[in-house]
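See below for the structure under consideration.
Start at 1 with the first residue, then count along the sequence. Small disclaimer: the values here were computed from a predicted structure and weren't measured.
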Amino acid sequence: PNAIAAGTTAQFQYQRLQQGIAWDFYTGTGNNVPDFSQLTPVSSGIAANFTLAPRTQDSNFAFRFQGKLEIPTAGDWVLFTTSDDGSLLWLDGIQVVNNDGGHGMQEVASTTLTLAAGLHDIKVGFSQGGGGFGLEVRWQGPGVAKQLIPDAFLFCLPPDNTNRRIDMQVLPGLLWE
């Protein structure tokens with residue numbers, strides 16, 4: 001265990017989350033999910049869930065959604081994207097769904113993922129070439145039938161995205177591992 005001497009002032013930093021998923025909108029893309037690090041978003045915002053509503057055109061656009069997914073119960077989970085055209089899904093920095101390319105609405109599932117309860121990083125990339133378009137993100141897990149991920153389980157940093165700081169006076173006997 002670790003200890004801090006009584007009377008010491010300790011500083012803690014944290015980031016406050018809000019409900020919703022952060023999105024970035026891009027234009028000039030095709031059927032495949034682009035490398036977002038090479039692009040500048042046209043607009044950004046926060047939505048309650050994965051939605052294409054903020055788009056300003058119906059072809060050659062892309063979205064990147066980023067935030068936290070709260071897994072309510074530890075166990076085996078499967079994540080799904082259904083999209084027209086391409087979509088990719090990353091969980092905790094690992095791509096787990098590849099539904100990329102030019103195609104009509106089709107669903108692709110991850111393998112079974114053994115997840116701890118709590119918050120996990122989630123990122124979904126979507127790209128639309130031409131024709132019809134759509135995006136749905138689902139989950140299935142312990143006690144949860146396959147369904148769209150409910151709004152209540154998506155979180156992101158607020159627009160100011162600043163770290164908060166707490167200064168605390170340490171009391172005798174504070175130990176942690």
Side-chain angles (χ1 to χ4, degrees), residues 17-37 39 41-157 159:
L17 296 176
Q18 72 175 59
Q19 226 159 0
I21 192 85
W23 57 264
D24 295 312
F25 174 72
Y26 303 84
T27 59
T29 61
N31 293 328
N32 295 315
V33 175
D35 176 355
F36 292 109
S37 70
L39 301 174
V42 172
S43 58
S44 300
I46 295 173
N49 210 309
F50 303 97
T51 178
L52 305 179
R55 72 186 184 285
T56 56
Q57 58 196 56
D58 289 342
S59 61
N60 297 312
F61 68 87
F63 275 93
R64 175 179 54 189
F65 299 92
Q66 297 183 101
K68 302 280 186 185
L69 173 64
E70 182 180 5
I71 297 296
T73 306
D76 291 340
W77 289 82
V78 180
L79 301 174
F80 308 81
T81 66
T82 303
S83 64
D84 173 0
D85 288 308
S87 61
L88 301 172
L89 188 152
W90 292 263
L91 193 70
D92 295 329
I94 299 168
Q95 184 183 311
V96 297
V97 175
N98 183 343
N99 193 3
D100 207 6
H103 51 74
M105 286 295 274
Q106 72 179 22
E107 180 179 86
V108 173
S110 69
T111 61
T112 299
L113 306 167
T114 301
L115 300 175
L119 296 174
H120 295 263
D121 292 331
I122 187 169
K123 181 170 83 169
V124 174
F126 170 82
S127 193
Q128 161 64 8
F133 56 89
L135 174 66
E136 298 170 346
V137 183
R138 291 183 169 77
W139 67 356
Q140 179 180 345
V144 178
K146 184 177 169 186
Q147 61 182 282
L148 294 173
I149 297 173
D151 299 354
F153 294 91
L154 295 170
F155 298 90
C156 63
L157 293 171

Q.
Quick check with a 6.0 Å cut-off and a 45 degree axis cone: is Lys146 positioned over the face of Phe80's six-membered ring?
A.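 So Lys146 does make the cation-pi contact.
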Exercise for review: Indicate whether the side chain of Asn49 and that of Thr51 have a donor and an acceptor atom separated by less than 3.5 Å.
Suggested key: no
Between Thr114 and Asp76, do the side chains contain a donor N or O and an acceptor N or O under 3.5 Å apart? yes
Looking only at heavy atoms, what is the nearest atom pair of [X] and [Y], with distance?
X: Lys68; Y: Leu17; value: CG-CD1, 4.1 Å
X: Ser59; Y: Gly129; value: CB-O, 3.0 Å
X: Pro34; Y: Thr29; value: CG-CG2, 4.0 Å
X: Ala109; Y: Val78; value: CB-CG1, 3.9 Å
X: Trp77; Y: Thr73; value: NE1-O, 2.9 Å
X: Gln66; Y: Cys156; value: O-CB, 4.1 Å

Sub-4.5 Å side-chain heavy-atom contact between [X] and [Y]:
X: Gln19; Y: Asp151; answer: no
X: Ser83; Y: Phe133; answer: no
X: Tyr26; Y: Pro41; answer: yes
X: Val42; Y: Asp24; answer: no
X: Gln95; Y: Leu89; answer: no
X: Leu119; Y: Ile71; answer: no
X: Val124; Y: Leu135; answer: yes
X: Phe126; Y: Leu52; answer: yes

| Stepwise ring pair (Phe, Tyr, Trp, His ring centres under 6.0 Å) test for Phe153 and Trp139 | CA-CA 11 Å; Phe153 294 91; Trp139 67 356; 5.1 Å; yes
Can you tell which of Leu113, Leu88, Thr111 makes a side-chain contact (heavy atoms from CB on, under 4.5 Å) with Val96?
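Checked Leu113, Leu88, Thr111 against Val96; only one passes side-chain contact (heavy atoms from CB on, under 4.5 Å): Leu113.
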Does any N or O in the side chain of [X] come within less than 3.5 Å of the main-chain N or O of [Y], such that one atom is a donor and the other an acceptor?
X: Ser127; Y: Ala62; result: no
X: Gln57; Y: Asn60; result: yes
X: Gln128; Y: Gly131; result: yes
X: Asp121; Y: Leu91; result: no
X: Asn32; Y: Gly101; result: yes

Straight-line distance of [X] [atom1] to [Y] [atom2], nearest 0.5 Å:
X: Phe63; Y: Ser44; atom1: CZ; atom2: OG; value: 10.0 Å
X: Phe65; Y: Trp90; atom1: CZ; atom2: CH2; value: 12.0 Å
X: Gln106; Y: Asp85; atom1: CD; atom2: CG; value: 9.5 Å
X: Leu79; Y: His120; atom1: CG; atom2: NE2; value: 10.0 Å
X: Leu154; Y: Ile122; atom1: CG; atom2: CD1; value: 6.5 Å
X: Thr82; Y: Asn99; atom1: OG1; atom2: CG; value: 7.0 Å

Residues Arg138 and Glu136 bridged, charged N to O under 4.0 Å =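 Counted as a salt bridge, because a side-chain N and a carboxylate O are separated by less than 4.0 Å.
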